[in-house]
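Below you'll find the structure, written out as structure tokens, and then a few comments.
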Number of protein chains: 2
Amino acid sequence: MGVTIKEVAKAAGVAPSTVSRVIADNPRISPATKKRVRKAMKELGYHPNVNARSLVRSSTQAIGVVMPSSADKALQNPFFPEVLRGISTVAHDLEYSLLLSTGETEEEILEGVQRMVHGNRVDGVILLYSRLKDKVMEFLHEQNFPFVIVGKPNENIDTISHVDNDNIRASKEITEHLIGLGHHRIGFIGGSKDLAVTVDRITGYEQALNQAGLPVKKEYRVHTEFLKSGGRKAVHELFSLEEPPTGLVISDDLMSIGVINMLEEFGLYVPEDVSIVSFNNVYMAEVTRPPLTTVDINIYDLGAQACKCLVEKIQNKNEPAKRIIVPFEIKHRMSTQQWKRETSKRA
Amino acid sequence: MGVTIKEVAKAAGVAPSTVSRVIADNPRISPATKKRVRKAMKELGYHPNVNARSLVRSSTQAIGVVMPSSADKALQNPFFPEVLRGISTVAHDLEYSLLLSTGETEEEILEGVQRMVHGNRVDGVILLYSRLKDKVMEFLHEQNFPFVIVGKPNENIDTISHVDNDNIRASKEITEHLIGLGHHRIGFIGGSKDLAVTVDRITGYEQALNQAGLPVKKEYRVHTEFLKSGGRKAVHELFSLEEPPTGLVISDDLMSIGVINMLEEFGLYVPEDVSIVSFNNVYMAEVTRPPLTTVDINIYDLGAQACKCLVEKIQNKNEPAKRIIVPFEIKHRMSTQQWKRETSKRA
DNA sequence: CATAGAAATGCAAACGTTTGCCTAATCTAA
DNA sequence: TTAGATTAGGCAAACGTTTGCATTTCTATG
């Protein structure tokens, strides 16, 4: 159906190979010929067939992006569009296409990735999550297929390229912020402990506590999937303690929003009754009531760096595994305040 | 690098063509041979090369998904992951891959789509937005390339397949809900008038007003991009009117959240002072304070139907253009209440 | 003027499939 | 028994590129 290289060749009075070299801007072709061929291409409306090219080069110009299970509400976290934006921008610059892969179950996701990899559909893969004992990661690793993780691999950390924040330090600093405001009873609410990001943030949180000589209480730590009911229950328990926390480190802005609402149900207000800080600086964080003090992890850069790193790996098989740390920045807004033992302003 | 069909053929003692036919489960091959070939495939770890296949079949098994400009914060609307989930599910079932395309600018997006189409990367395209005079749509249409729009095309409505809600009716019904609660001064807040969805929802809103004999006031209608400052200004103006609205129809749940917060800044509470209803039933709508009364437009189905429809079109070039209307459902929650002329409970 | 290089271009194989057509073997029915 | 039909499978061309190597055409040098 489309115009082929042969037709262009005929029209320009050259051999197909010459046309091919013109496309590649090969210096062995004289400027005059190039001009002539380019003209013919334009006139005929020629566009190279990527499949043919992929076949002989055995490289598509595409990279696969693997999202977590689409059944997971987490997918609706603005984190994903934002990281995708980062990936997409550099992919576009480097003339790579993006193949998306999701599935309802882990099995489906694996299938999708295998189709991508075995079918030669992509040259490399970006993993947008990192779970403990993840089949997809194992598959990619043992196939020795180029891939990079956004986040932190739970194993083989030195041989798997990944781009991440220094979550330990970020968590430590944001916790210290709370401590600096006079809070002594600080809780932590986070997602699944299977996620590397969760454990790092716990680590930082505990480091800050320890360093300030504050006790690390197990009952101050809550892991919830942020399913509505589960979250409510957890928050309820937390604030039914004899000495409930006055500050909360929360692993995700969206969770914060949920927590704020639950607290309000219990008659507790942010920041008057409890100060909260969280992570990601999702765009909503600025718009909530109150606006959230949160650590901006530079989601866009996470994506951009991952893509750049992957392409380097693709183009040079010997590129060593890298660990790229993108800087974070604490955004101070209205969800925290100095701790003074007094009753709620609104209550 | 990979195992090829020839190696499998040799191993099974048949011709490559036979292997190919086994893959296609062609009835001309005897069960015995099939078994033998399949065994060889498994043993050698054979996976067909999609590029080679695409080349001869001149059909990839891939569909392109075009998102709106990634610069647009709208991309962070949970609408997109959800519609993607719908698409992805049926794509997976039908063994299609998803090629994603975004860009910062409209120009970039168009480029991406052209690369997809001209390079034979995809068999069809799903457009996740529909803007007036959209270049991408025009391109696809004049190329006569299979595509479907999620939403409603502004032109050529009878020749472009699309899947949409009956937004007029939905908007009418939700407005009637407000009217039924005794509200007489009802405003409308929506996005760009270039979007088909916005004009439909306005239409329904005005129909309800007219039918109830209520005046349609121009100053009750606000179009805002929901950029923080712009939105604030608009809301401020709306409620500085001599007779400010007591009810609001808002075109998107996320906007509602913004509006609620702005109102609160002005000392107005939802639903005590003003009732609001909106659209989409994004998962956050249930978690906000108050939970939103909103029309559930079945985003998942929108995506699923679009994908199904596209594949039908791909597999049968003569398939006529379709218009698929997915049903909506009003979710009654806490953001509205009976209108009684009294002051805010909280104020 | 002959000729060695260099520069520019062409030839043809290769990439891994699919598929129209052909052939050999087997079967069916008269 | 045999002609014709049916079945099972093979052959080779085709899809649209890229690329190593061969060939032609210059240019400049001795």
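Below, chain A is the first sequence line, B the second, and so on; all start at residue 1.
- No side-chain donor from either of B:Tyr129 and B:Ser69 sits under 3.5 Å from a side-chain acceptor of the other.
- Residue contacts for B:Ser54: at a heavy-atom cut-off of 4.0 Å it reaches no nucleic acid atom on any strand shown.
- Residue contacts for B:Ser17: at a heavy-atom cut-off of 4.0 Å it reaches a base atom on one of the strands shown.
- Atom CZ in A:Arg21 sits about 16 Å away from atom P in C:dA7, given to the nearest Å.
- Atom NZ in B:Lys6 sits roughly 6 Å away from atom P in C:dC15 (whole-Å rounding).
- B:Arg53 has a side-chain polar atom (N or O) that falls below the 4.0 Å cut-off from OP1 or OP2 of C:dT18.
- Taking atom CG of A:Asn26 as the reference point, atom C1' of C:dA8 lies 10 Å away to the nearest angstrom.
- In this structure, A:Ser20 reaches the bases: a heavy-atom distance under 4.0 Å links it to at least one base atom across the strands shown.
- Note on A:Gly119: nothing from the nucleic acid sits closer than 4.0 angstrom, heavy atoms only.
- Using a cutoff of 4.0 Å between basic side-chain nitrogens and carboxylate oxygens, B:Asp93 and B:Lys308 are not scored as salt-bridged.
- With D:dT18, C:dT9, D:dG16 as the choices, the nucleotide that has an atom nearest any side-chain atom of A:Leu55 turns out to be D:dG16.
- Between B:Ile29 atom CD1 and D:dG10 atom P there is a gap of 7 Å when expressed in whole angstrom units.
- The residue among A:Lys34 and B:Arg57 whose nearest nucleotide of DNA chain C is located toward the 5' end is A:Lys34.
- For the residue pair B:Ser30 and B:Thr33, a side-chain donor N or O sits within less than 3.5 Å of a side-chain acceptor on the partner.
- Position along DNA chain C of the nearest nucleotide to B:Val56 versus B:Arg28 favours B:Val56 as the more 5'-ward residue.
- The nearest whole Å value for the distance from the NZ atom in A:Lys10 to the P atom in C:dC11 is 12 Å.
- Comparing B:Pro16 and A:Ile5 along DNA chain D, the residue whose closest nucleotide (by nearest heavy atom) sits nearer the 5' end is B:Pro16.
- Atom CG in B:Asn49 sits about 14 Å away from atom C1' in D:dG16, given to the nearest Å.
- Atom pair A:Lys35:NZ and C:dA8:P shows a separation of 16 Å (rounding to whole Å applied).
- Contact annotation for A:Val14: backbone-only contact, meaning every heavy-atom pair under 4.0 Å involves sugar-phosphate atoms and none involves a base.
- Taking the six-membered ring for Trp and the full ring otherwise, B:His118 and A:Tyr46 have centroids separated by 6.0 Å or more.
- At whole-Å resolution of the value, CD1 in A:Ile23 and C1' in D:dT19 are 13 Å apart.
- A 6.0 Å sphere centred on NZ of A:Lys39 holds no more than 12 heavy atoms belonging to other residues, nucleotides or ligands.
- Using a 4.0 Å heavy-atom criterion, one finds that A:Ser30 contacts the sugar-phosphate atoms exclusively.
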